[in-house]
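Please read the structure below before turning to the comments.
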Amino acid sequence: MTGHEERIDMTESGSTERLLAEAELYGAHNYEPLPVVLERGEGCWVWDVEGRKYLDMLASYSALNQGHRHPRILAALEAQAARLTLTSRAFHNDQMGPFLRELCEATGFDVALPMNTGAEAVETAIKAARKWGYRKKGVPEGRAEIIACENNFHGRTTTIVGFSSEPSYRDGFGPFTPGFKLIPYGDEVALQEAIADHTVGFLVEPLQGEGGVVVPPDGWFGRCVEICRSRGVLVLNDEIQTGLGRTGRLFCGDWDGERGDILIVGKALGGGVYPVSAILAPDDIMDVFAPGDHGSTFGGNPLGAAVAREALRVILDEDLPARADELGNWFMERLRAIDSPHVEEVRGRGLMIGVVIREGSGTARPFCESLMERGILAKETHEQVVRFAPPLVVTREELEWALPAIEEVLRGDGVELFESL
Ligand code: PXG
């Protein structure tokens, strides 16, 4: 007994109200989700416990690029679950090798190191870069430095939040790991100036997702890669959110013809059903790892590997990057054509689109709540930005269906929220 039971109406077991109350009472309050309780999903659509249907325009922060319950991915999951799910890395399994080979072939890197969540993969990249710095670059032990960008989002571990510029991600969680330096995003002169003798890596998102869908100046990522290459600094390319088709290319760095020295992938690699992440690198970087240096109980497990193999094949077979490119350009144009006093800017690449709400029009949150009432699930990021990032299997017809409601909400026509502004 926890003493919470008397505060919930126990009779209404499946209702939205009851489920929200349970999550509120029994869950830590580290999130502020929209008040919708989902129970089913298929493709771009989800249904709540009351039977209402919504177009999912968040796609779990790009972890669902292939859509909900893609039949091929589910089949791979089920077939593997019926054979073998976990071995730990104490033994080999028959899925991991093929998975890593296929991931290397798809990305053009020599070797991969599998983990589970995005944050773990970022931590792995940081460890690889530091060790490379000591073993290969000759940085004195304990002095390696990594440059990251202001407004970054790379995950939630204590090391990663330690170099966040967002106070709420950091406050109360110190002391933090030393060895990180921040530069303004999109500023290659700042990068030039920040690189010092002991700099081993530049950790960067080629387009900032959580930071509010921030698109850097054209060619900036490529110029950063060039600068880093000429100064002996590794580019740690965090494509956890931008990768695997989201921005209209297989990787966002492809817009500049570069994938960095260490490529970090996650989210959609697990096909929306299982957490799978990895880092990829050339042999002469990855070979800094030796047995015992690093690992994960679940990393490379056969269930995740089988899922990721199919998740990757679906992205390639269905040419999801091209879909994101074509539909993203079209959809962004349609959003830009909406004449609204509340919209400051529409920005993005492919199907990673942010609509920036003017400061004077309040925050993006009530806009998302109004969209929800009209059967569209989107989530605000960084207070002022409504993000539209549906599964990449979305069709033009489905987006067309959503546009009148989006237009109505963005204009504020008859939307209650504006009365309180
Ligand atoms: N890098 C980038 C660019 C990300 O967007 C991560 C790393 C971390 O991934 P994991 O799997 O550890 O969450 C992300 C994650 C959240 C949240 O609830 C996280 C992300 C987006 C939205 C919400 O913490 N992105």
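This chain uses plain numbering: 1 for the first residue, then up along the sequence. Note that ligands are numbered from 1 as they come in the structure, with each ligand's atoms numbered from 1 the same way.
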In ligand 1, the atoms that come under 4.0 Å of a heavy atom of Ala119 are 8 (C), 9 (O), 10 (P), 12 (O)
Note to self: I'd like to know if Glu210 and Arg387 make a salt bridge, using a cut-off of under 4.0 Å between side-chain N and carboxylate O.
What the structure shows: yes
Closest to atom 17 (C) of ligand 1 among protein heavy atoms sits Phe153 CZ, 4.2 Å
All heavy atoms of Ile73 vs all of Val307, minimum pair found to be CG2-CG1, 4.0 Å
> Does Glu333 come within less than 4.0 Å of Arg336, counting only side-chain N to carboxylate O?
Replying inline: yes
Point to revise | His382 and Gln208: side chain donor to acceptor below 3.5 Å | key: no
Atoms of ligand 1 under 4.0 Å from any heavy atom of Arg156, numbered from 1 in the order shown, are 24 (O)
| Using the ring of each side chain (for Trp, its six-membered ring), is Phe289 parallel, tilted or perpendicular to His294, with breaks at 30° and 60°? | parallel
Next on the checklist: Would Gln241 count as being in polar contact with ligand 1, using the rule that some N or O on each side must be under 3.5 angstrom apart?
Outcome noted: yes
Checking heavy atoms under 4.0 Å, the part of His154 that sits near ligand 1 is backbone
Exercise for the section: Determine, for Glu22 against Arg18, whether the closest basic-nitrogen to carboxylate-oxygen distance falls under 4.0 angstrom. Expected result: yes
Counting both backbone and side chain atoms, is some N or O of Lys267 under 3.5 Å from an N or O of ligand 1?
-> yes
One finds that the ligand 1 atoms under 4.0 Å from a non-hydrogen atom of Asp238 are 1 (N), 2 (C), 3 (C), 7 (C)
Nearest non-hydrogen protein atom to atom 9 (O) of ligand 1, with distance, is Gly118 CA, 3.3 Å
Do Arg259 and Asn237 have side-chain atoms, one donor and one acceptor, less than 3.5 Å apart?
-> no
If we number the atoms of ligand 1 from 1 as shown, the ones under 4.0 Å from a heavy atom of Tyr31 are 16 (C), 18 (O), 24 (O)
